[in-house]
Amino acid sequence: SGGVRAAAVPLAAAPAIRLHATPRYNSIYRCAADMLVNTHVYGILAAYTPALRLRRVDGVYYGTYLESFERVWASARPFAPQDSPDGGPA
């Protein structure tokens, strides 16, 4: 049959998850030279607020958010299974 096949491909390395207690003005998602920045707007769900796609070639914008990300990352602690709401593996 001409159906679509699904295959599970293991990650080369599990993504790192860290927890922090800093105020959130935006959510930053990094992957190699790309970054998504979801701005937080008071009273509006994040799904309805602007998201910016920045690339390392963007220069100052990418660098500004990267510096912010790295500051929070450095002060955050690694996620542990007991951090999940039910106390088990996430």
Side-chain angles (χ1 to χ4, degrees):
S1 71
V4 176
R5 291 189 204 197
V9 178
L11 294 173
I17 299 173
R18 296 178 68 91
L19 304 175
H20 67 88
T22 60
R24 291 189 329 169
Y25 300 106
N26 52 57
S27 296
I28 301 173
Y29 305 93
R30 276 184 62 199
C31 181
D34 286 324
M35 182 183 302
L36 291 177
V37 179
N38 181 222
T39 61
H40 293 212
V41 179
Y42 182 78
I44 301 175
L45 294 173
Y48 301 107
T49 60
L52 310 170
R53 179 181 178 211
L54 303 176
R55 304 202 66 199
R56 190 173 298 273
V57 296
D58 291 342
V60 70
Y61 296 119
Y62 186 94
T64 298
Y65 283 102
L66 180 62
E67 184 178 329
S68 171
F69 180 92
E70 288 179 341
R71 275 194 208 139
V72 172
W73 187 263
S75 67
R77 65 181 174 80
F79 175 83
Q82 64 269 18
D83 293 320
S84 65
D86 65 0

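Values reported hereafter were calculated over all heavy atoms of this structure, with side chains retained and with hydrogens, waters and symmetry mates removed. What you are looking at is a predicted structure, and each value in this text was computed from that prediction instead of being measured.
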- When rounded to the nearest 0.5 Å, the distance separating CZ of R18 from OG of S75 is 8.0 Å
- Sorted by chain and residue number, the salt bridge (charged side-chain N to carboxylate O under 4.0 Å, His left out) partners of R71 (sequence neighbours excluded) come out as E67
- Note on the structure: dist R55:CZ -> M35:CE (nearest 0.5 Å) comes out at 12.0 Å
- So, do Y61 and L52 sit near enough that their side-chain heavy atoms are less than 4.5 Å apart? no
- Query: Under 4.5 Å between any side-chain heavy atoms of L54 and V37, yes or no?
  - Reply: yes
- Of all heavy-atom pairs between T49 and T39, which one has the smallest distance, and what is that distance? OG1-O, 2.7 Å
- Item | Same apolar cluster (I L V M F W Y, side chains within < 4.5 Å links), W73/L66 | yes
- Item | OH on Y62 to CG on D34, rounded to 0.5 Å | 7.5 Å
- Item | L19 with V72, same ILVMFWY side-chain cluster at under 4.5 Å | no
- Message: Let me confirm one number: the CZ-OG distance from F69 to S27, rounded to the nearest 0.5 Å.
- Response: 11.0 Å
- Task: Measure the shortest side-chain to side-chain distance between Y25 and H40 over non-hydrogen atoms and say whether it is less than 4.5 angstrom.
- Result: no
- Got I28 and L36 here, is their nearest side-chain heavy-atom distance under 4.5 Å? no
